[in-house]
Amino acid sequence: MSNSLLSEQEQIRRSSLEELRKLGINPYPAAEYKTNVFAQEILDNYTPDKNNFQDVSLAGRIMSRRIMGNASFAELMDSSGRIQIYVRRDDLCPGEDKTLYNTVFKHHLDIGDIIGVKGHVFKTQMGETTVHVSELTVLCKSIHPLPIVKEKDGIIFDAVTDPEMRYRQRYVDLIINPHVREVFRKRTQIYQSMRELFNSRGYLEVETPVLQPIPGGAAARPFITHHNTLDIPLYLRIANELYLKRLIVGGYEGVYEFSKDFRNEGMDRNHNPEFTVMEIYIAYKDYNWMMSFTEEIISKVAMDLHGKTEIVYGDKVINFKPPYKRISMLDSIKENTGVDISGKNEEELRKVCDRFGIEHDPTMGKGKLINAIFSMKCEHTLVQPTFIIDYPTETSPLTKMHRSKPGLTERFELFINCKEIANAYSELNDPIDQMERFQDQLRLSEKGDNEAMFIDLDFIRALEYGMPTTSGMGLGMDRLTMLMTDQPSIQDVLFFPQMKPISQKLKVESQKEEYIKLGVPEEWIEPLKKLGYTTIVKLKEVEKAGKLANDLNGYNKKNKLGLSGLSPEAVDKWLK
RNA sequence: CGGUCUGUAGCUCAGCUGGCAGAGCACGUGACUCUUAAUCAUGGGGUCGAGGGUUCGAUUCCCUCCAGACCGACCA
């Protein structure tokens with residue numbers, strides 16, 4: 001294959017690769033490389049007085065090089081951080097043969113290559129902790145040049161911030177932006193912190209189906225797929241609620257799952273088609289208990305991550321120290337609008353919407369109308385953690401009726417930074433009531449609400465056997481991670497956020513011989529390819545030989561190739 | 001889906017009223033055995049997002065498309 005489509009730097013790296021092989025160095029060796037230390041360990045613990053770290057072995061990626069003739073400095077980055085290494089010709093090559101330094105290190109290694117080094121640690125005259133290298137092993141040759149990011153006194157130069165590169169080539173983002181690696185480390189730490197708490201209480205981490213015949217447990221549009229053997233449609237789960245409750249029926253005291261859910265809806269900085277929710281269900285509890293438990297979870301996560309409950313998010317300071325404000329949805333609306341909507345019917349609610357300029361349509365029932373008023377008038381005020389409690393029945397079909405407030409349910413949502421972070425209920429365990437709620441949903445669906453829930457008869461049967469009083473809670477892990485790591489977009493807390501696929505251009509090229517067969521003089525093949533005619537098929541598509549001849553002659557002139565001019569007739573012959 | 005902005009070398013970005021395509025880093029060659037955004041000398045590298053139009057001539061002006069960012073609408 002010709003290299004004409006590769007950039008100059010890529011071609012140089014590929015030729016370095018070949019040169020390494022010619023020198024008997026495998027650029028992609030199979031053997032384990034034994035290391036005994038990480039960069040950060042050395043930086044944290046090396047003290048010249050103790051004379052420690054005198055026989056170290058570490059491996060990582062070359063991130064910069066400063067060659068000064070027969071001695072060089074470079075920066076090696078491993079999973080823990082970066083450390084400077086010092087490579088001196090006569091230490092690396094004590095004998096007559098200086099190839100490893102003069103040829104391999106200086107000429108055939110590049111920024112981005114992965115190497116292993118052995119040596120001892122010392123401090124340079126400038127005071128920088130450095131590994132003095134006595135042995136160097138090539139572990140992986142990088143043939144794609146890395147973006148160059150430099151840093152001096154904490155100031156970053158030429159940082160790559162282009163989201164296109166950062167999200168589509170996350171591996172590059174992770175290499176050159178250490179703070180991005182840190183965000184994802186924290187993401188995992190949040191999960192660990194929550195697992196620790198749940199496991200210490202004896203709750204069981206479980207896995208439930210991702211492929212579901214009935215997409216239940218939430219109101220959302222699902223992704224649909226097809227199972228060939230059963231010849232039935234299957235849905236990617238929009239929630240795992242109904243399965244976890246079946247497990248409570250089965251006799252577990254508490255179950256939880258970190259669940260990848262899928263919703264076929266819009267994408268923006270708070271929404272990705274696949275996202276993670278932690279759902280937890282605990283028997284014999286109610287939503288009041290769950291509010292306290294949620295406070296405990298969130299404040300523990302903050303403490304484990306930051307050592308304090310107060311964190312900075314963008315230009316806001318958010319305090320996760322319990323207790324959080326608890327206010328009913330209707331009171332919150334009253335507080336923000338001055339209007340008491342309790343007891344109002346559908347028609348009256350529409351008038352309230354009109355009065356505040358809130359859009360509504362005929363498919364919206366009472367619940368959705370109240371929801372619309374709430375999100376337009378209240379959500380933006382909920383910066384500090386706040387429990388909004390007691391939601392209308394229509395939009396909460398899986399929630400127990402309120403023990404004392406008619407028309408409402410025992411449900412809360414936790415809002416932080418004006419966004420919903422968690423959603424929880426005293427779970428509806430009355431099978432007959434549940435069946436009626438599902439039928440109400442069916443009616444909504446017939447009215448045109450394409451988010452109304454499906455009926456799951458097996459779930460009803462499970463409830464008929466009896467589910468104890470239970471409280472359940474779902475917590476958006478992506479949004480929680482955004483908050484805890486101060487990231488503005490969901491794409492910044494997902495390794496591989498959903499992106500529009502890029503149409504891949506197949507880099508197939510025709511061989512020289514094929515061009516020669518058509519009568520193309522050898523010296524004109526390269527110019528042809530440069531002009532985009534990389535295959536015979538593309539060349540054959542040309543209709544005007546004259547234009548092609550012109551283009552080629554122009555290319556010849558522009559690049560001062562010194563080739564003799566082509567006539568349209570000669571070019572025409574190639575095309576036939 | 002609507003509005004505003006962006007796309008130029010491997011990377012970060014200049015490029016005026018249309019007239020030979022620019023810088024820094026990176027890369028090649030040479031010098032340099034404690035440098036650190038190493039330095040010095042020197043050289044190469046471009047389908048100016050894609051396609052069409054206007055023009056003697058388009059990176060520049062116009063149209064269409066593609067991709068992205070921000071702000072709205074919908075949703076967790």
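Worth saying up front: this structure is predicted, and the values here are computed from it rather than measured. Any value given below was found using the heavy atoms of this structure, including those in side chains, with hydrogens, waters and symmetry copies removed. By convention in this document, chain letters (A, B, ...) are assigned in the order of the sequence lines, proteins followed by strands, and residues within each chain are numbered from 1.
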(message) Enumerate the salt bridge (charged side-chain N to carboxylate O under 4.0 Å, His left out) contacts for residues 358-367 of chain A, please, sequence neighbours excluded, ordered by first and then second residue.
(response) none
(request) For A:R166, answer base if it contacts any base atom (sugar-phosphate contacts may also be present), sugar-phosphate if it contacts only those atoms, and nothing otherwise; contact means non-hydrogen atoms under 4.0 Å. (result) nothing
(request) Look at A:R82 together with A:E151 and state whether they make a salt bridge at an N to O cut-off of under 4.0 Å. (result) no
(message) Under a 4.0 Å threshold between the charged nitrogen and the carboxylate oxygen, would A:E19 count as salt-bridged to A:K22?
(response) yes
Taking atom [atom1] in both [N] and [M], what distance in whole Å separates the two?
N     : M     : atom1 : value
B:A23 : B:C63 : C1'   : 33 Å
B:C32 : B:A69 : C1'   : 45 Å
B:C71 : B:U35 : C1'   : 48 Å
B:G72 : B:G10 : C1'   : 37 Å
B:G51 : B:U4  : P     : 26 Å
B:U29 : B:G53 : P     : 45 Å
B:C11 : B:C70 : C1'   : 24 Å

(request) Let me have RNA chain B in dot-bracket notation, would you? Count Watson-Crick plus G-U wobble pairs, both distances under 3.5 Å, and use [ ] for pairs crossing earlier ones and | for inter-strand partners. (result) (((((((..((((.....[..)))).(((((.......))))).....(((((..]....))))))))))))....
(request) Name every residue in residues 101-111 of chain A that has at least one heavy atom under 4.0 Å from any atom of RNA chain B, in order of residue number, or write none if there are no such residues. (result) A:H107
(request) Let me know which of A:K419, A:R187, A:R269 forms a salt bridge (Lys or Arg N to Asp or Glu O under 4.0 Å) with A:D478. (result) A:R187
(message) Check the orientation of A:Y46 and A:F53. Use parallel for under 30°, tilted for 30 to 60°, and perpendicular for over 60°.
(response) tilted
(message) How close do A:Y101 and A:I67 get, counting heavy atoms only, and between which atoms?
(response) OH-CG2, 4.4 Å
(message) For A:R89, give me all partners under salt bridge (charged side-chain N to carboxylate O under 4.0 Å, His left out), at least two apart in sequence or on another chain.
(response) none
(message) Once salt bridge (charged side-chain N to carboxylate O under 4.0 Å, His left out) is applied, do any residues pair with A:R61, and if so which ones, sequence neighbours excluded?
(response) none
(message) Looking at the base of B:U35, is there any donor atom on it, or on the side chain of A:Q84, that sits under 3.5 Å from an acceptor on the other one?
(response) yes
(request) Would you please say whether a donor-acceptor pair under 3.5 Å links the side chains of A:K123 and A:T129? (result) yes
Can you give me the N/O atom pairs linking the protein to nucleotides 6-10 of chain B at distances under 3.5 Å, or say none if there are none?
{"unit_1": "B:G10", "atom_1": "N7", "unit_2": "A:Q9", "atom_2": "NE2", "d": "3.4"}

(message) Does the structure show A:F275 stacking with B:A76, if we require the centres to be closer than 5.5 Å and the planes to be within less than 30 degrees of parallel?
(response) yes
